[in-house]
Amino acid sequence: MLLETIRQANDIKKVEQKDYGELAREIRDFLIHKISVTGGHLGSNLGAVELTMALHLALTFPEDKIIWDVGHQSYTHKILTGRQEGFDGLRQFHGMSGFPKRKESACDVFDTGHSSTSISAGLGLVWARDIKGEKNTVVSVIGDGSLTGGMAYEALNNAAKLETNYIIILNDNNMSISENVGGVSKYLNNIRTADRYLDLKEGIYNALRGTPRGDSLVNRIRRAKSSFKQLVIPGMLFEDMGITYLGPVDGHDIEGLVQVIQEAKRVKGAVMIHAITQKGKGFAPAERHPARFHGAEPFDVETGLPSKPRTEASYTDVFSTVMCKLGGRDERIIAITAAMPDGTGLKRFHNMYPDRFFDVGIAEEHAVTFAAGLAAGGLKPIVAVYSSFLQRAYDQILHDVCLQNLPVVFAIDRAGLVGSDGETHQGIFDYTYLSGIPNMHICAPKNKWELSDMLKFALSLEAPVAVRYPRGTAYAGLKEYRAPVELGKAEWIYREWEIALFAVGSMVKTAVAVREALKEKGYSVSLINARFVKPIDEEAVREACAEHRLIVTMEENVACGGYGEKVLSFLNRNGFRNLYLNISIPDAYVEHGNVELLKKEIGIDADSVVERIQQTLVP
């Protein structure tokens, strides 16, 4: 097998040109079979095989640099830099990351995980190269979806000022282009990047600048050139910004891609190569259902169906059902997502109420301020977003929503530990970054019924509200405990004495197991569903202090700025001297791995909590 000859970076250059197609097929087969076992981002990687091969043929590693936007499509890059063996532990605890990681390889030059960052990072690497007097090539690979993020255009605006080489590859797996336009574009690309053309253009421009009115003549020539190009080149948006545009090119034509990359390396400025690719290429189920295979769970290779079909409803499923019901009762309810209609559960709402659904693309900042405008106009917007992605819109939450005290509901999915996607996706900071904002209210449901109740409560409150819930199966326990949701009020589930467990959201399920284990050891334990992180129920804490020796707070958030710190601050301000224990995530980034394993590793699983409580109670 050709793949067996790829043991380290640059080994692909030993492969004969006639064998490129076979190597691409072997890589796809390798990815399909490995990801069918571990899960991972399949569709985007299958679509970028030839593009990645071409980059590795045209560049030299680790001297040259590639920044993969988001990083979903970096698996072939990992293979071609000698990390095949790592795929057996892909996205598993202490295994290989599903994203580029600098600590993994010198060929990974920038950690990614969120979108629209690659051009900014690449531009920084270009300037670092030039300031240090180095000569390497820097390439940023960005998808058409990531290009919807405003940050990408901020970076393009600055990249246009460059007078040194910087290559941006637009990996476009969603657009189509006619053969005629593609043929004319290829012809013009060859002319515009030829050495004689580039040398002549630069010589003419430099000569004209040294004459009276030379700058004016240069500008007139450029305008005339742009008017002609407007007729035949689809990339005029980038050309008008000052970025040389090459394409569209076939993103699965390895030889053609190598040629255009070599041409791009001669451009003294920022140059964009527009490559057309097919997401999921080479695996029929992924070609037919690209969204399903974006982030795939383990699956059967023959059918493409999940190996372990989910039989119980997730919190996302519950949210989806509740949104559809609420949408039918109130026409003022608007649903907003940032390119995640499937992931956030809003696809059904979109089908039922298309005029009240907005997918704004990968643009979380816009999503939040857009929601603020809707709320100011008298509607009831709900922004459904993953916890780690909401971080991107912090200023908009603070300035555009909360400053005006506008009734925007944030449905925060994937909160807490999410597992295999690792540091960039763990939703463990939202209590912290939201609770410091005036007018913001934060609640978290203990089970699937409380999620429904909290969403209804959030829509009734004329103020910003964040409803935070985890990834995975919705907890179905404690169904009989369903006290009405009131602002800032906790729910006493079991009332005893000695130890009081204040648990938030997903940690209520853990607290139930902790309580059972402690009772078997002879302890008396109360369990309080905290419900609100902001405002906390100070009266419930006061009551617990009067009746219990030890106060324990439990949350799936980092310790700094979380629920536990708020309770501890209240205890200190009011002179309470009860024993106190905060169960939370250490103030650190948590790597990828199985969620239950991660909980045990960081000490927030039931067994660890029981042990820590017993240690605290020892005189």
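Both backbone and side-chain heavy atoms feed into the values below; hydrogens, waters and symmetry mates do not.
Side-chain contact check for Leu398 versus Leu403: every heavy-atom pair is 4.5 Å or farther apart. Using a 4.5 Å cut-off on side-chain heavy atoms (C-beta onward), Arg356 and Ile333 make contact. Side-chain contact between Phe502 and Val552 is absent, with no heavy atoms from C-beta onward closer than 4.5 Å. Here the side chains of Leu46 and Ile32 are in contact, with some heavy-atom distance below 4.5 Å. Counting heavy atoms from C-beta outward, Gln614 and Val610 have side chains that approach closer than 4.5 Å. Counting heavy atoms from C-beta outward, Val37 and Pro298 have side chains that stay 4.5 Å or more apart. Contact annotation: the side chain of Val465 approaches that of Val467 to within less than 4.5 Å [non-hydrogen atoms, C-beta and beyond]. You'll find the side chain of Ile412 reaches within 4.5 Å of the side chain of Leu434, heavy atoms only.
Between the Arg515 side chain and the Ser526 main chain, no donor and acceptor come within less than 3.5 Å of each other. At distances below 3.5 Å, not a single donor-acceptor pair connects side-chain atoms of Asp413 with backbone N or O atoms of Val385. A donor-acceptor pair under 3.5 Å is absent between the side-chain atoms of Asp587 and the main chain of Val558, judged by distance alone. Between the side chain of Tyr481 and the backbone N or O of Trp492 there is no donor-acceptor pair closer than 3.5 Å. Side chain of Tyr353 to backbone of Cys324: a donor-acceptor contact under 3.5 angstrom is found. Of the possible donor and acceptor atoms, none in the side chain of His350 sits under 3.5 Å from a partner among the backbone N and O of Leu346. No donor-acceptor pair under 3.5 Å is formed between the side chain of Ser435 and the backbone N or O of Lys534. Between the side chain of Asp317 and the main chain of Gly345, no donor-acceptor pair closer than 3.5 Å is present.
Ring orientation note: the planes of His72 and His425 are tilted relative to one another, at an angle of 30° to 60°. Between Phe532 and Phe457, the ring planes lie perpendicular to each other; the angle is over 60°, past the 30° to 60° tilted range.
Every side-chain contact (heavy atoms from CB on, under 4.5 Å) that Thr510 has, sequence neighbours left out, goes to Met507, Val514, Met554, Ala606.
For Glu450 and Lys479, the salt-bridge test fails: no basic side-chain N is under 4.0 Å from an acidic carboxylate O. A salt bridge links Glu104 to Lys78: at least one charged side-chain nitrogen sits closer than 4.0 Å to a carboxylate oxygen. With respect to the salt-bridge test (charged N to carboxylate O, under 4.0 angstrom), the residues Glu496 and Arg549 do not qualify. Of the charged side-chain nitrogens involved, at least one lies within less than 4.0 Å of a carboxylate oxygen, so that Arg495 and Glu543 count as a salt-bridged pair. Salt bridge Lys446/Glu491: present, at least one basic N to carboxylate O contact under 4.0 Å. Taking 4.0 Å as the cut-off between side-chain N and carboxylate O, Arg91 and Asp421 count as a salt-bridged pair. Ion pairing between Asp342 and Lys347 holds under the 4.0 Å rule for side-chain N and carboxylate O.
Between Phe283 and Phe299, the gap from one ring centroid to the other is short of 6.0 Å. For Phe99 and His41, the gap between ring centers is short of 6.0 Å. Close placement of the His114 and Phe389 rings is indicated, their centers lying within 6.0 Å of each other. The six-membered or imidazole ring of Tyr431 lies away from that of Tyr563, with a centre-to-centre distance of 6.0 Å or more.
The environment of His399 atom NE2 is sparse: at most 12 non-hydrogen atoms of other residues, nucleotides or ligands sit within 6.0 angstrom. By the neighbour-count criterion of 12 heavy atoms within 6.0 Å, atom CZ of Arg102 is sparsely surrounded, having that number or fewer from other residues, nucleotides or ligands. Applying the 6.0 Å contact sphere to CD of Glu547 captures more than 12 heavy atoms from other residues, nucleotides or ligands.
Between Asp605 and Ser608, the side chains place a donor N or O and an acceptor N or O closer than 3.5 Å (distance only, hydrogens not considered). The closest side-chain donor-acceptor pair between Arg414 and Thr316 falls under 3.5 angstrom. With 3.5 Å as the limit, one finds no donor-acceptor pair spanning the side chains of Thr337 and Asp359. Using modelled atom types and a 3.5 Å distance limit, the side chains of Thr321 and Arg348 yield a donor-acceptor pair. Thr553 and Tyr580 form a side-chain donor-acceptor contact under 3.5 Å, judged by distance and modelled atom types alone. At a cut-off of 3.5 Å, with distance as the only test, a side-chain donor of Trp497 or Ser524 sits close to an acceptor on the other residue. Counting only N and O atoms by type, the side chains of Asp300 and Thr303 include a donor and acceptor under 3.5 Å apart. In this structure, a donor-acceptor pair under 3.5 Å is absent between the side chains of Gln396 and His366.
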Assess whether salt bridge (Lys or Arg N to Asp or Glu O under 4.0 Å) is satisfied between Arg531 and Asp537, documenting all intermediate values.
CA-CA 9 Å; Arg531 281 186 165 175; Asp537 189 341; over 6 Å; no

Run the numbers on Phe429 and Tyr433 for ring pair (Phe, Tyr, Trp, His ring centres under 6.0 Å), then give the verdict.
CA-CA 6 Å; Phe429 302 103; Tyr433 69 72; 7.9 Å; no

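For residues 565-584, every residue pair satisfying the salt bridge (Lys or Arg N to Asp or Glu O under 4.0 Å) rule, not counting sequence neighbours, is listed here: Glu538-Arg573.
Rounded to the nearest 0.5 Å, atoms CD (Glu601) and CD (Glu591) are 7.5 Å apart. Atoms CG and NZ, from Leu487 and Lys489 in turn, are 9.0 Å apart once rounded to the nearest 0.5 Å. Arg392 CZ to Ser115 OG: the interatomic distance, rounded to the nearest 0.5 Å, is 4.0 Å. The line from CG of Asp430 to CG of Leu390 is 7.5 Å long, rounded to the nearest 0.5 Å. Note that the NZ atom of Lys325 and the OG atom of Ser320 stand 11.0 Å from one another [nearest 0.5 Å]. Atom CD1 of residue Ile382 and atom CZ of residue Phe410 lie 11.5 Å apart, to the nearest 0.5 angstrom.
Taking the ring centre of Tyr315 as origin, the terminal cationic atom of Arg471 falls outside the region bounded by 6.0 Å and 45° from the ring axis.
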